[in-house]
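Each ligand, and each atom within it, is numbered from 1 in the order the structure gives. Source: prediction; values computed, not measured.
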Amino acid sequence: MPPTAVPASPRSPSPGTPYDLLLIGGGVIGLSAAWRAARRGLRVAVADPAPASAAAASHAAAGMLAPVSEVTYTEEPLLRLGLASLARWPAFAAELAADSGHDLDYRAEGTLEVAFGSDDLAVLDELAAFMRKLELPVERLTGRECRRLEPMLAPAVRGGLLAPGDAWVDPRRVTRALLAALERRGVTLIPARVAGLERSGEAVTGVRLAPDGGSPDGGSPDGGSPDGGVVRARRTVLAAGAWSGAMEGLPPEVLPPVRPVKGQIMRLRSPEPILRRCVRGSVHGSYVYLVPRGDGELVLGATQEELGFDTRVTAGGLWELLRDARELVPGVTELEVADVVAGLRPGTPDNLPLIGPTVLPGLSLATGHHRGGVLLAPLTAALLTGEAGDDEGEGLAALCSPLRFHENPRVGENA
Ligand code: GLY
């Protein structure tokens, strides 16, 4: 069952008219869905105390659009979603750049996956066989061939796999561009925390803002009630990342089963880019990736830690990243440290996102994107706004339907 698109409504509604679509959460997912919906002529609002801020996972994300090189055994459904979203990225990036006037540093030169030790090489060969079985376009390279592509790689690198179709983008540029595009499209940003959902019987009719929340000018946001604390919408989408599981007013069976998965990341600065493409590598079983930006920045990531809502940057986390990155690209230790940050990915029990209607009419989810929020943003927005083609959309929507965690999924079919 594909998520239903809300039909467009007139652009000049009377005060208090519900929004067509209200996004709870201003990370890359909420902002992308808001932008695509606004392009379709819907009246849209985004509620977030600080959209695109350092709290969002997208602020820490490296921006790898790498479903092929990040493929994992038994996770073919996630690969399917990732490939479908990767295919949407070129148009998404071009339209966003045009709508916002921002450059996204979107690049599509592929990912090079490299192996350090003989143990890593054996794992790489098994992975290559798995990828060939899935008919993924990858090329097995010797160590020398890897260094020909990336001269800064260490002589110790034994071999690699080139995934030429993978791409990457700067997520901070993407969210800044989305904010600019939303402003141009007349989307309302409500800089407030959502305290809970408004209900009318089973149906979700909007949200209640926290007491200190309101519109930028202190008045009632458009679509709000006279007391200014309620924002009404025909469809509300919970897109609050790792915090989505804590929304008040939801019955336990509707609360999304997301948990925070901490990732620490370092941003290094060099006058010139030292890599031409994304490099992922394993060093005696420990994984690290290096993502180059056009301006010379190099992102090293990322730890994966199950520590609840802990966002401390730790010496041990940074040491692990540097230890492994230095084995693959020794020159990284010469670079200036620009930034260190920890973000919280929204993990789910099956590592698939939760996108689409819930059993409560008027409420959809767009959360649980775990390691793939930036990659999956275009597909998520397309599924939510009805832009995904019927055949493709139905199959993909079924993979990430929130109803899959219900014993009796049929109850949500009219949501
Ligand atoms: N997508 C890479 C990460 O989450 O670390």
Residue and atom name of the nearest protein heavy atom (relative to atom 2 (C) of ligand 1), distance in Å to one decimal: Y289 OH, 3.3 Å
Electrostatic pair K262:D310 at N-O distance under 4.0 angstrom: yes
Non-hydrogen atom of M64 closer than 4.0 Å to ligand 1: no
Matching residue for T236 among L360, L197, V231 - test: side chain to side chain contact (heavy atoms under 4.5 Å, CB included): L197
Derivation and outcome, side chain to side chain donor-acceptor pair (under 3.5 Å), residues Q264 and E305: CA-CA 9 Å; Q264 302 190 50; E305 302 164 76; 3.0 Å; yes
Heavy atom of the protein closest to atom 1 (N) of ligand 1 (residue, atom name, distance): R371 O, 2.7 Å
Parallel, tilted or perpendicular: rings of F130 and Y73 (30°, 60°): tilted
Aromatic ring pairing W89/Y106, orientation class (parallel under 30°, perpendicular over 60°, tilted between): parallel
For atom 4 (O) of ligand 1, the protein heavy atom that lies nearest, with its residue and separation: R345 NE, 2.7 Å
Ligand-side contact atoms (ligand 1) for residue partner A302, heavy atom cut-off under 4.0 Å: 5 (O)
